[in-house]
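Order of the sequence lines fixes the chain letters, A, B, ..., with proteins taken first and strands second; residue numbering starts at 1 for each chain. Please read all numbers here as calculations on a predicted model, not as lab measurements.
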Amino acid sequence: MPELPEVETTLRAIKSFEEKIVESISIHNPNLRWLVDKDISQKLSGKKINQIFRRAKYLIFDFDDYQLIVHLGMSGTLRIMNRKDNFFKKHDHAELIFEDNKLIYNDPRRFGSIHVTKSYKDHFLISSLGPEPLSRSFCKDYLFKKIQNSKTNIKNFIMNQKNVVGIGNIYASEILFRSSVDPRRLAQTISNSECNLITSNSKIILKEAIKVGGTTLKDFFSAEGSAGYFKIQLNVYDRENEVCVNCENLISKITQNQRASYFCNICQG
DNA sequence: CTGAGATCCTGTCTGC
DNA sequence: TGCAGACAGGATCTCA
């Protein structure tokens with residue numbers, strides 16, 4: 001589920017846990033993408049969360065002497081429950097328990113992960129990540145320089161978290177559509193002005209998605225957890241053979257690097 | 001170093 | 001209805 005906007009939405013929903021003390025942590029299934037540290041509860045129990053923030057698609061919980069790194073993978077969610085609710089769902093793998101409530105980590109496919117570390121910036125998952133797409137460093141000049149050495153297609157390039165973080169399969173297609181760039185183009189053939197379009201449209205689309213996500217926070221975090229995940233107006237993703245929003249052409253679906261790509265071969269020709 | 005393909009895992013949908 | 005196979009919003013790993 002989560003690309004940058006969904007993780008950001010999740011972050012905003014759990015911001016209220018800042019300044020709260022973790023009483024304990026229960027790991028019901030440590031077999032996530034990586035095995036969860038068996039000493040996690042011992043390390044963090046009784047400690048106060050100073051701050052919760054996002055880096056790429058990771059949520060970072062900052063404590064005085066440790067940091068907790070949470071990734072939601074493809075299917076992970078966090079939900080807030082009352083402390084005394086003994087209501088578990090399938091694939092609830094971990095829970096952070098606080099005085100009044102608790103934060104439940106659910107992930108059916110277990111592609112997500114939970115790590116405890118002394119310095120998240122030096123952690124192997126974080127240390128070689130590219131710039132945040134909403135930051136100033138992700139600009140035309142950065143992208144233009146970066147693509148010069150690349151031999152992969154532009155869609156794969158912007159999904160590579162070493163080049164820029166937070167963009168996943170949905171937004172990659174949406175960004176390239178809005179930028180009128182064919183996803184099959186070799187990254188190094190993208191022009192300077194197209195780099196300008198890609199960076200600015202990335203910011204526009206991601207910000208818009210965050211904005212919409214913010215309106216469905218309550219649903220997203222309902223105790224039942226079944227409420228519909230928000231979807232911004234998607235122009236190409238999952239619209240194979242539907243009419244393009246800009247012309248009369250039908251949207252194409254192809255496979256690139258084993259992922260689905262959607263585009264209009266007229267508008268993005 | 002790069003890039004392509006396999007891989008981890010469960011749930012859901014489609015077609016026979 | 002049953003069941004096999006494809007596919008899903010991620011990203012690492014292995015190998016050429």
Side-chain angles (χ1 to χ4, degrees), chain A residues 1-11 28-36 54-59 69-78 88-94 105-115 123-130 133 146-177 183-189 202 205-206 208-210 212-213 216 219-220 225-241 253-262:
Chain A
M1 290 186 181
E3 298 184 42
L4 185 146
E6 293 75 31
V7 179
E8 182 68 27
T9 299
T10 302
L11 171 68
H28 308 301
N29 183 358
N31 296 295
L32 305 182
R33 178 68 175 79
W34 285 277
L35 198 65
V36 179
R54 179 188 61 73
R55 170 74 175 108
K57 298 173 192 169
Y58 297 91
L59 292 165
I69 305 173
V70 176
H71 194 273
L72 300 174
M74 194 88 97
S75 56
T77 53
L78 289 177
F88 282 95
K89 296 190 2 174
K90 203 173 179 182
H91 309 301
D92 281 350
H93 304 311
Y105 178 93
N106 184 287
D107 184 8
R109 294 177 72 180
R110 287 187 277 122
F111 287 173
S113 61
I114 299 176
H115 284 94
H123 194 269
F124 76 100
L125 290 172
I126 308 282
S127 60
S128 53
L129 291 173
K146 194 86 180 171
I147 58 172
Q148 299 308 320
N149 304 319
S150 175
K151 257 194 72 183
T152 193
N153 62 71
I154 185 62
K155 193 249 189 176
N156 197 232
F157 183 92
I158 61 172
M159 284 179 66
N160 185 337
Q161 306 294 299
K162 287 181 178 171
N163 298 325
V164 57
V165 302
I167 297 172
N169 207 36
I170 293 179
Y171 295 110
S173 281
E174 295 298 318
I175 289 163
L176 293 178
F177 172 74
R184 297 167 294 186
R185 295 255 307 276
L186 224 53
Q188 59 187 178
T189 69
S202 295
I205 289 172
L206 294 173
E208 187 61 30
I210 290 168
V212 177
T216 57
D219 285 347
F220 183 53
S226 56
Y229 204 85
F230 89 87
K231 239 185 188 178
I232 62 164
Q233 191 63 36
L234 298 174
N235 288 324
V236 285
Y237 186 85
D238 205 22
R239 294 195 64 236
E240 184 185 18
N241 290 328
K253 177 184 183 180
I254 59 170
T255 299
Q256 293 181 284
N257 307 84
Q258 300 163 161
R259 311 295 299 275
S261 290
Y262 299 84

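Aromatic ring orientation, A:W34 versus A:F124: perpendicular (interplanar angle above 60°, classes split at 30° and 60°).
At the phosphate of C:dA11, OP1 or OP2 sits under 4.0 Å from a side-chain N or O atom of A:H71. For the pair A:Q161 and C:dA11, the criterion of a side-chain N or O lying under 4.0 Å from OP1 or OP2 is met. Distances shorter than 4.0 Å separate none of the side-chain N or O atoms of A:H91 from OP1 or OP2 on B:dC9. Dashed line: the shortest gap from a side-chain N or O of A:R259 to OP1 or OP2 of C:dG9 is under 4.0 Å. The phosphate of B:dG11 has neither OP1 nor OP2 within less than 4.0 Å of any side-chain N or O from A:K89. Of the side-chain N and O atoms in A:K90, one or more sit less than 4.0 angstrom from OP1 or OP2 of B:dG11.
In this structure, the CD1 atom of A:I114 is 19 Å from the P atom of C:dG10, given to the nearest Å. Distance, A:F111 CZ to C:dC13 C1': 14 Å, rounded to whole Å. When rounded to the nearest whole Å, the span between CE of A:M159 and P of B:dT2 equals 18 Å. If you take NZ of A:K162 and P of B:dT2, they are 7 Å apart, rounded to a whole angstrom. Note: OH (A:Y171) to P (C:dG9) measures 13 Å, nearest angstrom. Rounding to whole angstrom units, CD of residue A:Q258 and C1' of B:dT7 are separated by 9 Å. The distance between atom CG of A:N153 and atom P of B:dA4, rounded to the nearest whole Å, is 7 Å. Atoms CG (A:D107) and C1' (C:dG10) sit 10 Å apart, rounded to a whole Å.
How far CD1 of A:I175 is from CD1 of A:I158: 5.0 Å, rounded to the nearest 0.5 Å. The NE2 atom of A:H115 lies 9.0 Å from the CG atom of A:L35; values are rounded to the nearest 0.5 Å.
Ring-centre distance between A:F111 and A:H71: not below the 6.0 Å cut-off.
Distance check on atom P: C:dT14 versus B:dC9 gives 15 Å, rounded to whole Å. Spacing of C1' atoms, C:dT12 relative to B:dG11, comes out at 23 Å, to the nearest Å.
Between A:G73 and A:F124, the residue anchored nearer the 5' end of DNA chain C, judged by the nucleotide with its closest heavy atom, is A:G73. Where A:T152 and A:R109 meet DNA chain B, the nucleotide closest to each residue was compared, and A:T152 sits on the side nearer the 5' end.
When each of B:dC9, C:dT12, C:dG10 is scored by its nearest atom to the side-chain atoms of A:R110, the top-ranked nucleotide is B:dC9. Proximity note for A:K253 (side chain, C-beta onward) versus B:dG11, B:dG3, C:dA8: the nearest is C:dA8. Relative to the side chain of A:E3, the nucleotides C:dG10, B:dA4, B:dG5 differ in distance, and C:dG10 lies closest.
By the 4.5 Å heavy-atom criterion applied to side chains, A:R110 and A:L32 are counted as neighbours.
As judged by a 4.0 angstrom heavy-atom cut-off over every strand, A:N257 is placed among residues touching the sugar-phosphate backbone only. Within the 4.0 angstrom heavy-atom criterion, only backbone atoms of the sugar-phosphate kind lie near A:S150; the bases stay farther away.
In this structure B:dC9 sits in no base pair that meets the Watson-Crick or G-U test at under 3.5 Å.
Checked by atom type and distance alone, the side chain of A:Q256 never pairs as donor or acceptor with a backbone atom of A:N153 at under 3.5 Å.
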